[in-house]
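This report refers to the structure that appears directly beneath it.
Since we're looking at a predicted model, the values are computed, not measured. Atom set for the values below is all heavy atoms of this structure, side chains included, hydrogens, waters and symmetry mates excluded. Each chain gets a letter, A, B and so on, in the order its sequence line appears, and its residues count up from 1.
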2 protein chains.
Amino acid sequence: MRAAIAELRRSGHRISAPRRQVLEALYAASAPVSADEIAGGLDGRFSSSDPASVYRTLELLERTGLARHVHLGHGPGRYAPASVGERDYFVCERCEQVRAADPRALEPVREAIARAFGWRVRFNHFPIAGLCPRCAEEADGAGYGS
Amino acid sequence: MRAAIAELRRSGHRISAPRRQVLEALYAASAPVSADEIAGGLDGRFSSSDPASVYRTLELLERTGLARHVHLGHGPGRYAPASVGERDYFVCERCEQVRAADPRALEPVREAIARAFGWRVRFNHFPIAGLCPRCAEEADGAGYGS
DNA sequence: ATACTTGCAAATGATTTGCCAGTGT
DNA sequence: ACACTGGCAAATCATTTGCAAGTAT
């Protein structure tokens, strides 16, 4: 977060209380958070602020490469600081569980796609959707093979 | 479309003019269409109808397995009839181009993911995002290797 | 001092819902 | 006839924008 503030300064932006609050919540969260959650101060852990300002700050952070957002489902977009490093996301269509993976783990997959289709892809903005191991097994087991 | 109507009847639903219109537009479109596009009669090619009814009909079609929707970007959801078969989607983050692929083409990818992560995944609800071949090349070329 | 930021309200875009009149079966 | 549907308006949710007042530098 210190580095983020420095980078904002460096790129000619001002450090205001609302911006600090967004950064604080963003860095404190252990998973990507929505603008509204940030605006609500993460359930009171931080002081709350105006959603519009939160969106403006998040947009600034994305423009300066300090944050990213991901669409984990039909709800609001969720933001994470860039400092956590790029993550690829899996989301279970049945139990809603989210799993984050190191992009290196998916490198072979990306390569296979590049070879077969010529596309250079990522899974950090739209997740990989499907069934998590548990739900996949339950789906199989259902009906004992009937 | 005939089959869809039969299936709706079979599952105890009524066939009304608005429902026909949604089906017509859905089946006439050559790519997934938004509810608003359907409501607008696909630019006048069909009679227009109320967005709320369109959404209700689309929801019904999804419930009965006759249609699916995909999120191809930050815009509205886009719907396709189930009859076209499942498709996996690629979307280019730079030029917005969309490519649909036969899921069989991605079977090796799905298998690799299943082996490595235990997830059984699909790319028909959230697309695979990245750079299309052309944009990937341009991204490489930019700066002549600088 | 002055340009950048905020807060609040209102606008926008996508989608959902309530309700009563209309209609498929 | 009767329950299921549609139309229209209003509500909701996520996000953006306009603008006057506030503040970081």
How many Å lie between CD on B:Glu59 and P on C:dT15, as a whole number? 13 Å

A:Leu8 CG to D:dT25 P, straight-line distance once rounded to whole Å: 11 Å

Tell me the interatomic distance from B:Asp50, atom CG, to C:dG18, atom C1', rounded to whole angstroms. 14 Å

Would you write the dot-bracket representation of DNA chain D, where each base gets (, ), [, ], | or . depending on whether it forms a Watson-Crick or G-U pair under 3.5 Å and with which partner? ||||||||||.|||.||||||||||

Minimal heavy-atom distance between B:Ala4 and B:Leu23, with the atoms involved, is CB-CD2, 4.2 Å

On DNA chain C, does the nearest nucleotide to B:Pro76 precede the nearest nucleotide to B:Arg56 from the 5' side, or the other way round? Give the residue. B:Pro76

A:Arg19 has an atom CZ; how far is it from atom C1' of C:dT5, in whole Å? 6 Å

Return the value, rounded to whole Å, for the distance between atom CD of B:Glu37 and atom P of C:dG13. 15 Å

A side-chain contact here means heavy atoms from C-beta on lying under 4.5 Å apart; do B:Leu131 and B:Glu138 qualify? no

Establish, with yes or no, whether the OP1 or OP2 oxygen of D:dT23 is under 4.0 angstrom from a side-chain nitrogen or oxygen of A:Ser16. no

Report the distance from atom NE2 of A:His69 to atom C1' of D:dA14, rounded to the nearest whole Å. 12 Å

Between D:dT5 (P) and B:Arg20 (CZ): distance, integer Å: 14 Å

Under 4.0 Å between any heavy atoms, over every strand shown, what does B:Gly75 touch: base, sugar-phosphate, or nothing? Just pick one. nothing

Output, in order, the C-alpha distance, side-chain angles, deciding distance and verdict of salt bridge (charged side-chain N to carboxylate O under 4.0 Å, His left out) for B:Arg10 and B:Glu7. CA-CA 5 Å; B:Arg10 202 199 56 70; B:Glu7 171 59 18; 3.0 Å; yes

Identify whether any heavy atom of A:Ala17 sits under 4.0 Å from a base atom; if not, whether one sits that close to sugar-phosphate; answer base, sugar-phosphate or nothing. nothing

Do you know the tightest heavy-atom contact between B:Trp119 and A:Gln97? CH2-O, 3.9 Å

Rounded distance (Å) that lies between atom P of D:dC13 and atom NE2 of B:His74: 21 Å

Quick one: is D:dT16 close enough that its OP1 or OP2 comes under 4.0 Å of any side-chain N or O from A:Tyr55? no

Hey, what's the ring geometry for A:His74 with B:His69, parallel, tilted or perpendicular (30° and 60° as the breaks)? tilted

For the pair B:Asp88 and B:Arg110, find out whether any cationic side-chain nitrogen is under 4.0 Å from an anionic carboxylate oxygen. yes

D:dG6 OP1/OP2 closer than 4.0 Å to side-chain N/O of B:Arg14: no

When you check the phosphate oxygens OP1 and OP2 of D:dT25, does a side-chain N or O of A:Arg9 lie under 4.0 Å from one of them? yes

The answer to which of B:Leu60 and A:Ser53 contacts DNA chain D further toward the 5' end, by nearest nucleotide, is B:Leu60

Under a 3.5 Å cutoff, is there a donor and acceptor pairing between the side chains of A:His71 and B:His71? no

